[in-house]
Amino acid sequence: MDRYTPSEIEAKWQKAWADADVFKATRDGGKPKYYVLEMFPYPSGNLHMGHVRNYTMGDVIARYKMSTGHNVLHPMGWDAFGMPAENAAMASGGHPKDWTYGNIAQMREQMKPLGLSIDWSREFATCDPEYYGQQQALFLDMLASDLVYRKNAVVNWDPVDMTVLANEQVIDGKGWRSGAEVERRELTQWFFKISDMAGELRDALEGLDNWPAKVRLMQENWIGQSRGLQFSFSLINGPDGHDGVEVYTTRPDTLLGASFVGISPDHPLAKQLEADNPDLAAFNAECRKGGTTEEALEKADKKGFDTGLRVRHPFDTSWELPVYVANFILMDYGTGAIFGCPAHDQRDFDFATKYDLPITAVYLEAEDSAPDLQEAFVPPKSDKVFYAKGFAGEPVQTGDEAVEAAIAFCEAQGVGQGKTQYRLRDWGLSRQRYWGCPIPVVHCADCGVVPEKKENLPITLPDDVSFDIPGNPLDRHPTWRDCTCPSCGKPAQRETDTMDTFVDSSWYYARFTSPQADTPTDLAEAAYWMNVDQYIGGIEHAILHLLYSRFFARAMHITGHLPASAIEPFDALFTQGMVTHEIYQTKDAKGRPVYHLPEDVTDGKLVDGTEVEIIPSAKMSKSKKNVVDPRSIVEAYGADTARWFVLSDSPPERDVEWTASGAEATSKFLGRVWRLTQEIASSEAPQNDADQGLLRDMHKAIFEVTQGVESFGFNAAIAKIYGFVNALAKSKAGAQAKREAAKTLAQLMSPMTPHLAEDMWATLGGEGLVLHAAWPVADDAMLVEDTVTLPIQINGKRRSEISVPKDMPKEEVEKLVLADKAVVKALDGGTPKKLIVVPGRIVNVVI
RNA sequence: GCCUGCGUGGUGGAAUGGUAGACACAGGGGACUUAAAAUCCCUAGGCUUAAUAGGCCGUGCCGGUUCGAGUCCGGCCGCAGGUACCA
């Protein structure tokens, strides 16, 4: 007999699909549309198993929706700007553009054999001038709509390489190449006004019913709404121009426990004092050392510097508080100044203890409780406490009530105002790098910052650049930077910052609806295809990418590029787990880590015998080289095996650790299905008693697999298919019933293993492509079992079971249970305390 | 540090609060074969037992709710993701 030869089958059916152009998406009023999108890949050059998993999942959904009568859009593109291209240019010469387009070509060639149902006519890369030119047009529209502005913000500064570093490039507070201690330095940068929409972005989360609850929760916490009071402490001995310190607090109810005022080292007051106070200048400089990440700032030792300034307490002008500069206060949040209440905040408590400041309890657990002097007393805000030093509201009230009462009181007294504040900061989009979308503005000595004219777009990147010196080549380009002012025509200079690559990925989903349009979108196409019905991608994008996309969809609506119905661009979201792998590391002569590909490591050693350090599994990433190339699997076993395997072995939302074993087994199984199909196709067995049983199994399989696919339970669906195949192989049913069952099997498998399914379908005499066959529907009547097995528990432990007709009344079940041998023995002549019968499920006898 | 998840046999994992371990991998045994490959069949959480029946233990740890907890609640431990310039 012939063998299952995936290489022939897969080539044959991919050609059939291509010849019929079956995946080309066009508007069609006759069918409901369905837009399925997987997060597009960064073109690292190698497809890895994480990609295969991601795109196979999307493909299952796309193909399933095609067979349920939908007009499906399933596009693919490349998130092509970003640092790795520049790093490659620095490391081994060449140009980021060549590197990137080379990688794209390579990955496309690796992706195509997978047989994905992608409309390749819509493909684009974000580094195509046609794409980023439209992005520049969007930027200009957003600028005109007052959604973009400039302000100062801190970056990681490498004082040796004289360049800005990404957070990733700061290792233990030091620059990755120079090893120099990194400093935080301020630069004027471009920002999107996402924080203006904080409340809206937070409230709208509630409507995202088909998003994972955890993602909504993470975004909610990220946006971080808080209610508080903003007010001013008047300065007693402030320098010129500073007669007060504006603070924001979420706990105005603790105002009578205030012990000090803290300001950020970047606070204007701190900067002014720095000029005449070398000690403070040194302190601030020390505070500015290290990276900019929240983690680094948060984990740093908390320290302060007494400025010698004093402020007056707003409720008692004779009460003075010291003003400290403190490294844990961020200029970006609130007003960059706080008051500390050590009794009810652990950080303030530690600070007060360190600097010997008073600790005054404002509230106690109850009226007669003693204040805790060992640590701050911080009960949940929803708990009732006794206010020993309250000034508004009841003596016993919750923290939430007390905060509201305190705000009302302060407002009435003219001490500040209640304010709803968000943790979410504006989105800084400036990057001091070459390989990104140029920000289309010009700096003119006379006119200031001038937007480029739309007819001059795209502002393309110059090709003649080098990466032999650190820093942004655009900054030192001899001619690109020079231009004329679009407003007055005098010589001017281009903005040399490029855009954050998150901008590129914040609207690509909209561009896919009309990828060739000479405006960012074609509104008619966008209105038809948007929203994305099912978006699929990694959980690592739960906050930034998804939040930025939600902001951008709103901005695109404001600027007329998306309909109002598309401001939440992703109707349903599925976050797949990551594919993880061990990391293999050695050290170079300077002690810096060097990573090795899994294929270069055998038994913990490199080819030359060097032992590698094995670091536990983490997300596959190119920089750590813990990636597995799917090509070897596709070449050895075929795409269907690779597809089936990545779906079968793990629940889609969970991380999966890649191991090489298992692909072999999948291949065997598909071979078995193929042979079984050949057998059935040539069988002439007559009808018989087994037919009904097989058809029941078939309908059960239809029901369960459909449910599995619809709920992203692909691994469960596959387990049911295994069960069905086992039943089919063992069945003694006649040829006709078996053929019907096998054709259904082909259909059920077609989203996962489309090539094999087409082949089975053709072998069994199916009409046309299985791709176009309507998805089978389970017959409810065939799913009903007549008798059920009821487990009998005695005191919650399974002791026996009975088989009863499905509809047997409770009373009769009880009689049978009480007559059961195990129950009789356990009762030993007594009566049960309780008899619980859950119809069709279980019985519990409580003794 | 903070936010969010996750933790079940040797392994991947299944299980609307209702028989824990479906389905599969690796393993063990067998059939076929001169032999191997391929294929097919059987077996399988741990302990106890000659074996079966039966019993006991068991879903990271400790406690709680419930007739009944892998599932719900509280507290720990470990791991992963994010932490605003990795994408």
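Here is how names work: the chains are called A, B, and so on, in the same order as the sequence lines, proteins then strands, and each is numbered from 1. For clarity, every value in this text was computed on a predicted model and none was experimentally measured.
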**Student:** Kindly give the atom pairs (protein nitrogen or oxygen, nucleotide nitrogen or oxygen) under 3.5 Å for nucleotides 68-72 of chain B.
**Tutor:**
none

**Student:** With sequence neighbours excluded, tell me which residues meet side-chain hydrogen bond (donor to acceptor under 3.5 Å, both in side chains) with A/Arg672.
**Tutor:** A/Asn726

**Student:** Is it true that the side chains of A/Tyr149 and A/Asp426 contain a donor and an acceptor less than 3.5 Å apart?
**Tutor:** yes

**Student:** Any donor-acceptor pair under 3.5 Å between the side chain of A/Arg216 and the base of B/rU4?
**Tutor:** no

**Student:** Between A/Thr126 (side chain) and A/Asp504 (backbone), is there a donor-acceptor pair under 3.5 Å?
**Tutor:** no

**Student:** What integer distance in Å separates A/Ile792:CD1 from B/rG54:P?
**Tutor:** 14 Å

**Student:** Remember a base hit wins even if backbone is also touched, and classify A/Val155 as base, sugar-phosphate or nothing at under 4.0 Å, heavy atoms.
**Tutor:** base

**Student:** Please give the stem ranges for RNA chain B, sorted by first residue number, where a stem is three or more consecutive Watson-Crick or G-U pairs and both donor-acceptor distances are under 3.5 Å.
**Tutor:** B:1-7 with B:77-83, B:10-12 with B:23-25, B:27-31 with B:39-43, B:45-48 with B:54-57, B:60-64 with B:72-76

**Student:** Taking CD1 from A/Ile847 and C1' from B/rC67, how many angstroms apart are they, rounded to a whole number?
**Tutor:** 12 Å

**Student:** Could you check whether any side-chain N or O of A/Arg184 sits under 3.5 Å from a backbone N or O of A/Gly291, counting only pairs where one atom can act as donor and the other as acceptor?
**Tutor:** yes

**Student:** Does the separation of the ring centres of A/Tyr722 and A/Phe724 fall below 6.0 angstrom?
**Tutor:** no

**Student:** Using only side-chain N and O atoms of A/Arg799, determine if any of them is under 4.0 Å from OP1 or OP2 of B/rC56.
**Tutor:** yes

**Student:** For B/rC23, does either OP1 or OP2 sit under 4.0 Å from a side-chain N or O belonging to A/Asn715?
**Tutor:** no

**Student:** Cation over ring, A/Lys302 on A/Phe351, under 6.0 Å and within 45°?
**Tutor:** no

**Student:** Measure from the side chain of A/Ile836, starting at C-beta and using heavy atoms only, and say which of B/rU83, B/rC67, B/rA24 lies closest.
**Tutor:** B/rC67

**Student:** Distance under 6.0 Å and angle within 45° of the ring axis: does A/Arg216 meet both against A/Trp211?
**Tutor:** no

**Student:** Looking at every strand, decide which applies to A/Trp222 at a 4.0 Å heavy-atom threshold: base, sugar-phosphate, or nothing.
**Tutor:** base

**Student:** Establish, yes or no, whether a centroid distance under 6.0 Å links the rings of A/Tyr508 and A/Phe124.
**Tutor:** no

